[in-house]
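What follows is a short report on a single structure.
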Amino acid sequence: MASEEFQPLQGMADLAAPEIARWQHIEAQARNVLSRYGFSEVRTPILERLELFVRSLGDETDVVQKEMYQFEDRGGRKLALRPEGTAGVMRYVAARGQDAQDARLYYIGPMFRSERPQAGRRRQFHQLGAEAIGAAHPAADAEVIALQLHLLQSWGLSQCRVHINTRGLGTDRVNAQQQIRELLLAKRELLCVDCQRRLDTNVLRVLDCKNPECARIVSALPPLTSFMSAEARSYLDEVCRSLTALEVPFELRPNLVRGLDYYQHTVWEITHPALGAQDAIAGGGRYLLNIGGRAIEGVGFAIGLERSLVALAAERPESPPDRLPLVWFVAQGERAHEEGLRLLQSLRWRGIAAQMCVDRRSMKAQFRAADRAKAMFVVVRGDAELEKGIFLLKTLATGVQEELDLPSLMDRMKPLERGDAVLLR
RNA sequence: GUGGCCGUAGCUCAGUUGGCAGAGCGUCAGGUUGUGGCCCUGAAUGUCGCGGGUUCAAGUCCCGUCGGUCACCCCA
């Protein structure tokens, strides 16, 4: 077991082969899909002024109160590692002024929240998010949800469920919260201890308490939307109609609550059955933010990548690795070894993955290395081949060996050529 | 921040009422002086997470601590 100093910090992980292949795959897939919807990437700093997050997420939210990594730099400025992606993007949009008024932006990268790790939750975790700035129409909300579901499905997740709700406009939320609170106060004694506390701290959270007795009380309440203005309700109706037009299956969940203050109107979550207690793999909503005196409206989402990968592993178990389009050179003797180095470079410049054991090892060991690397072909160059002026090409999957001169060897390698040098399963 | 379970070889794990540190897989070498995968033989690899305590003796018992995992709070 490695000593402590070799381990990453709690809740942080080194991502490497073989899992990294799945990360690269979903990222590549996502960029492709996002561009089809007209979104372009923005990479904002991981470190921002603390104030940005306090102002945009809300200073009473748990994320701000107890989950942010915050510290002072040498000049005494208060900074924070970003706990989510929207705030940074909004700062960027505010800085661009009118140039960004209809921007469609996406981001992908690490976020930080100082919490106890558990299934699908890390202290450094990764989100893919997209924001449609401006777009003040319910159809924009629906289109963004369609995009989000499209992304998840493109990764192979077929069991996602979309739950949507409305938060109403600013005054609606305050009204609803007050009225729900009054109704629940009458039944205070029947609620679980957590919910009794929530009555004071976060009333809406009572609505999705898992305690059966609380759920029973909640189910007897009028739906949250009944406390909303007519405007909020008709906005939600319009979102639903657009979702139907976009062929996005969804469920209205009047008790759905989301934790960040900047949301108004539509909010939603996407869940997946493989996640256990933390079954939301993605969420989103419409928001109105005020950054440096500029009001920015938009609609956006975030997808938790760790959680998506957990779900993906459950839906699509790892298939046994195929042979890679990789050529392995096996050399006997110094001269063959040097020829090997030359041949390798020549193949690599043609776009073919090629390797050999650069330390001198037995042929048996070289073949074993080729097999372990899942190489497709082995090219053998030994005393006999030097003498005959040929190369021996062995196809590892079949064991078939052929004697070829250099031009015909290169000819046989042609199908392995590829424009990029990335090896994907 | 709170609680349950866990921490022994690169990996997965066994280790009895406290008494010599183990297995499987993997790695390396040989069986085959030029051939991988299957088979056979052999070898290497350990601050038993870390620190303290009890004891003639601690992987084992006690305390602390770090980490993992699951759950709570909350969230992606």
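Just so we're on the same page: letters track the sequence lines, and every chain starts at 1.
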**Message:** Classify the ring geometry of A:Tyr235 against A:His265: parallel below 30°, tilted from 30° to 60°, perpendicular beyond 60°.
**Reply:** parallel
Would you mind classifying the nucleic acid contact of [X] as base, sugar-phosphate or nothing, using non-hydrogen atoms under 4.0 angstrom?
{"X": "A:Gly85", "value": "nothing"}
{"X": "A:Ala302", "value": "nothing"}
{"X": "A:Leu392", "value": "base"}
{"X": "A:Gln10", "value": "sugar-phosphate"}

Would you please confirm or rule out a distance under 4.0 Å between OP1 or OP2 of [N] and any side-chain N or O of [X]?
{"X": "A:Arg123", "N": "B:rG68", "answer": "no"}
{"X": "A:Gln118", "N": "B:rC70", "answer": "no"}
{"X": "A:Arg198", "N": "B:rC73", "answer": "yes"}
{"X": "A:Lys364", "N": "B:rG36", "answer": "yes"}
{"X": "A:Arg372", "N": "B:rC28", "answer": "yes"}

**Request:** Run through A:Glu315, A:Arg307, A:Arg161 and flag the one making a side chain to side chain donor-acceptor pair (under 3.5 Å) with A:His272.
**Result:** A:Glu315
**Asked** Where do A:Arg43 and A:Glu41 land on the salt bridge (Lys or Arg N to Asp or Glu O under 4.0 Å) test, with the steps shown first?
**Response** CA-CA 7 Å; A:Arg43 300 189 189 185; A:Glu41 184 176 9; 3.0 Å; yes
Roughly, in whole Å, what's the span from [atom1] in [X] to [atom2] in [N]?
{"X": "A:Asp14", "N": "B:rG67", "atom1": "CG", "atom2": "P", "result": "15 Å"}
{"X": "A:Asp62", "N": "B:rC74", "atom1": "CG", "atom2": "C1'", "result": "5 Å"}
{"X": "A:Leu152", "N": "B:rA76", "atom1": "CG", "atom2": "P", "result": "15 Å"}
{"X": "A:Met12", "N": "B:rG68", "atom1": "CE", "atom2": "P", "result": "10 Å"}
{"X": "A:Glu385", "N": "B:rG34", "atom1": "CD", "atom2": "P", "result": "12 Å"}

**Request:** Take A:Arg123 and A:Glu115 through the test salt bridge (Lys or Arg N to Asp or Glu O under 4.0 Å) and record every step on the way to the result.
**Result:** CA-CA 6 Å; A:Arg123 288 184 166 182; A:Glu115 277 219 285; over 6 Å; no
The side chain of [X] lies closest to which of these nucleotides: [options]?
{"X": "A:Arg197", "options": "B:rA76, B:rG34, B:rC73", "value": "B:rC73"}
{"X": "A:Arg116", "options": "B:rU2, B:rU35, B:rG30", "value": "B:rU2"}
{"X": "A:Val380", "options": "B:rC74, B:rA29, B:rG34", "value": "B:rG34"}
{"X": "A:Phe125", "options": "B:rG36, B:rC74, B:rA76", "value": "B:rA76"}
{"X": "A:Arg121", "options": "B:rC74, B:rG36, B:rG34", "value": "B:rC74"}

**Request:** Determine whether the aromatic ring centres of A:His25 and A:Trp155 lie less than 6.0 Å apart.
**Result:** no
